[in-house]
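Heads up: the structure comes next, in structure tokens.
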Amino acid sequence: MSKSVDITSLNESNNRVVVMVESHSQKAQMQQVVYRILDANLDRAREGLRIIEEWCRFGLNNAQLLGECKYLRQELAHWHTAELRAARDTPGDPGTELTHPQEEQRSSIKALLQANFCRVQEAMRVLEEYGKLYHPNMGKAFKQMRYRVYTLETSLMGYQRHQLLWRSHLYLVTSPSETLLKTVEAALKGGLTLVQYRDKMADDTVRLEQATKLRQLCHSYGALFIVNDRVDLALAVDADGVHLGQQDMPIAMARQLLGHQRLIGKSTTNAEEMQKAIAEGADYIGVGPVYETPTKANKPAAGLNYVSYAAQNSSIPWFAIGGIDANNINDVIEAGAERVAVVRAIIEAEQPTLVTQYLVSQMHRIKL
Ligand SMILES: Cc1ncc(COP(=O)(O)OP(=O)(O)O)c(N)n1
Ligand SMILES: Cc1nc(C(=O)O)sc1CCOP(=O)(O)O
Ligand SMILES: [Mg+2]
């Protein structure tokens with residue numbers, strides 16, 4: 001086995017210093033180690049990208065995101081040279097047996113995608129650093145690729161949110177309840193895909209705790225989670241967006257804080273508010289109150305006429321809201337609604353799962 005040789009020499013000040021000289025075979029050994037690291041991480045990045053790519057293809061049907069995944073995989077293949085592959089020593093790799101319990105389970109598609117984005121980004125960081133020892137351009141190339149992966153992650157997550165919003169026809173807006181989590185979970189089991197946390201009275205500590213739990217719950221069922229009124233709270237709990245009223249922060253300001261990947265909803269009561277909300281870039285609007293409701297006392301009903309106006313004029317998803325329940329949902333549908341939002345109909349239901357199933361089925365019936 002070769003050894004390094006320590007020799008002494010004189011530095012500029014004529015002091016004797018020890019210089020370590022690597023032998024030729026030591027250099028070759030080091031090179032093999034670097035090659036193995038590069039080979040393993042090129043594989044990791046490619047595998048992670050492939051998992052993400054399958055979702056872009058089969059889950060989202062999105063050619064643009066799919067193309068970006070393919071491009072990145074091709075770039076990886078370009079760097080995966082024969083000499084790097086030749087350095088592979090799978091039987092001698094102690095890392096192949098190691099798994100973390102979190103890798104054994106994924107709670108949702110979102111968790112699966114996030115874990116794989118993380119895996120790809122980590123691998124690319126390793127390739128960026130060790131790649132500098134392999135090729136003068138490798139570090140720079142992988143830095144750029146890592147940033148492309150960040151952009152891909154943001155675009156994909158934003159696209160997912162918008163797609164799920166368009167696919168959601170029932171929206172639960174919560175009100176304070178002793179059994180809030182249990183009720184929301186029951187509704188999620190009934191097919192709910194869109195939930196808004198609304199509590200006008202609680203302290204922020206309570207709001208933060210409840211919103212965090214609700215976000216986790218909603219995401220574990222693959223549902224969107226929106227926070228009422230508060231952009232800061234939405235960001236703090238990593239919500240999918242915020243719902244703003246006419247008295248809340250302007251859409252433009254919320255957009256600056258939330259970016260384009262999160263959703264912004266706006267309440268509207270008349271044609272003018274609707275047109276303004278659309279022009280300002282809302283992702284969806286509330287249309288109501290359809291009927292007077294104790295949940296929002298003192299707000300006069302906009303009525304079914306406004307529902308019909310929305311059906312004719314809204315270019316973005318809109319949710320009829322206010323006093324809607326299982327008894328009158330068909331009147332609202334008749335007036336043109338394809339999406340509805342409810343509070344009491346689910347929160348106060350004895351069997352939230354059944355009510356949700358019924359409301360969802362009514363909303364889907366109209367699309368046939
Ligand atoms: C889906 C949806 N539509 C309307 C509202 C009402 O919002 P806002 O007018 O800001 O009133 P509050 O809910 O804040 O009392 C909503 N929350 N959700
Ligand atoms: C929160 C809210 N916003 C409305 C609006 O018209 O902007 S109506 C409403 C309350 C809806 O509650 P329920 O389903 O219990 O009637
Ligand atoms: Mg509000």
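Counting starts at 1 for both ligands and their atoms, following the listed order.
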Side-chain ion pair, Glu272 and Lys276, N-O less than 4.0 Å:
no
Of all protein heavy atoms, the one nearest atom 6 (O) of ligand 2 is Pro289 N, 2.9 Å
Nearest 10°: the angle subtended at the Mg ion (ligand 3) by Asp229 OD1 and Asp248 OD2?
80°
Please could you name the atoms of ligand 1 that Tyr171 approaches to less than 4.0 Å, counting only its heavy atoms?
1 (C)
Polar-atom distance check: Tyr284 versus ligand 1, any N or O pair below 3.5 Å?
no
Does an N or O anywhere in Ala345 fall below 3.5 Å from an N or O of ligand 2?
no
For ligand 1, which atoms sit closer than 4.0 Å to a heavy atom of Asp248?
10 (O)
Arg344-ligand 2 polar pair, N/O distance under 3.5 Å:
yes
Report yes or no: does Gly286 have a heavy atom closer than 4.0 Å to ligand 2?
no
Among all protein heavy atoms, pick out the one at the shortest distance from atom 14 (O) of ligand 2; state its residue, atom name and that distance to 0.1 Å.
Val343 N, 2.9 Å
So does Glu128 pair up with Arg125, basic N to acidic O under 4.0 Å?
yes
To which of Val287, Ile321, Thr295 does the heavy atom nearest atom 9 (C) of ligand 2 belong?
Ile321
Distance to 0.1 Å, residue and atom name: give those for the protein heavy atom nearest to atom 14 (O) of ligand 1.
Lys200 NZ, 2.5 Å
Without swapping roles, check the side chain of Arg198 against the backbone of Ser175 for a donor-acceptor pair under 3.5 Å.
no
Given His243, Arg230, Arg198, identify the one with the heavy atom nearest to atom 3 (N) of ligand 1.
His243
Among Lys266, Lys296, Glu292, His243, closest by heavy atom to atom 3 (N) of ligand 2 is Lys296
Any donor-acceptor N or O pair under 3.5 Å, side chains Glu153, Gln121:
yes
Any Lys/Arg nitrogen of Arg85 or Asp39 sitting under 4.0 Å from an Asp/Glu carboxylate oxygen of the other?
no
Between the side chain of Glu185 and the main-chain N/O of Leu181, is any donor-acceptor distance below 3.5 Å?
no
Within a distance under 4.0 Å of any heavy atom of Asp229, pick out the atoms of ligand 1 and give their elements.
10 (O), 14 (O)
the protein heavy atom lying closest to atom 10 (O) of ligand 1 turns out to be Gly245 CA, 2.9 Å
Between Leu60 and Leu156, is the side-chain contact (heavy atoms from CB on, under 4.5 Å) condition met? List the steps.
CA-CA 9 Å; Leu60 303 178; Leu156 192 152; 4.1 Å; yes
Can you tell me if Phe319 contacts ligand 1 (heavy atom of the residue under 4.0 Å from the ligand)?
no
Within the side chain of Ser314, is there an N or O that forms a donor-acceptor pair under 3.5 Å with the backbone of Ala310?
no
With side-chain contact (heavy atoms from CB on, under 4.5 Å) as the criterion, how do Ile329 and Val342 come out once you've worked through the C-alpha distance, each side chain's angles and the decisive distance to 0.1 Å?
CA-CA 10 Å; Ile329 190 166; Val342 300; over 6 Å; no
Lys299 near ligand 2 by a heavy-atom separation under 4.0 Å
yes
Could you check atom 18 (N) of ligand 1 against the protein and tell me its nearest heavy-atom contact, residue, atom and distance included?
Gln196 NE2, 3.0 Å
Measuring from the heavy atoms of Val342, does anything fall under 4.0 Å of ligand 2?
yes
Given the rule in the side-chain contact (heavy atoms from CB on, under 4.5 Å) test, do Trp79 and Met145 qualify, once you have shown the distances and angles that lead to the verdict?
CA-CA 12 Å; Trp79 283 102; Met145 256 192 272; 4.2 Å; yes
Could you check atom 6 (C) of ligand 1 against the protein and tell me its nearest heavy-atom contact, residue, atom and distance included?
Ser267 OG, 3.1 Å
Measure up the Tyr284 and Tyr171 rings against each other and bin them: parallel (under 30°), tilted (30 to 60°), perpendicular (over 60°).
perpendicular
Contact (N/O only, under 3.5 Å) between Gly286 and ligand 1
no
Using a strict cut-off of 4.0 Å, indicate which atoms of ligand 2 neighbour a heavy atom of Gly288.
6 (O)
In terms of hydrophobic clustering (I, L, V, M, F, W, Y; side-chain heavy atoms under 4.5 Å; direct or indirect links), are Tyr221 and Val227 co-clustered?
yes
Side chains of Gln261 and Met157, heavy atoms from C-beta outward: is any pair under 4.5 Å?
no
By salt bridge (Lys or Arg N to Asp or Glu O under 4.0 Å) - contacts of Glu83 (at least two apart):
none
Pull out every atom of ligand 2 sitting under 4.0 Å from any heavy atom of Thr293, numbered as shown with elements.
12 (O), 13 (P), 15 (O), 16 (O)
Purely on distance, is any nitrogen or oxygen of Ile324 under 3.5 Å from one on ligand 2?
no
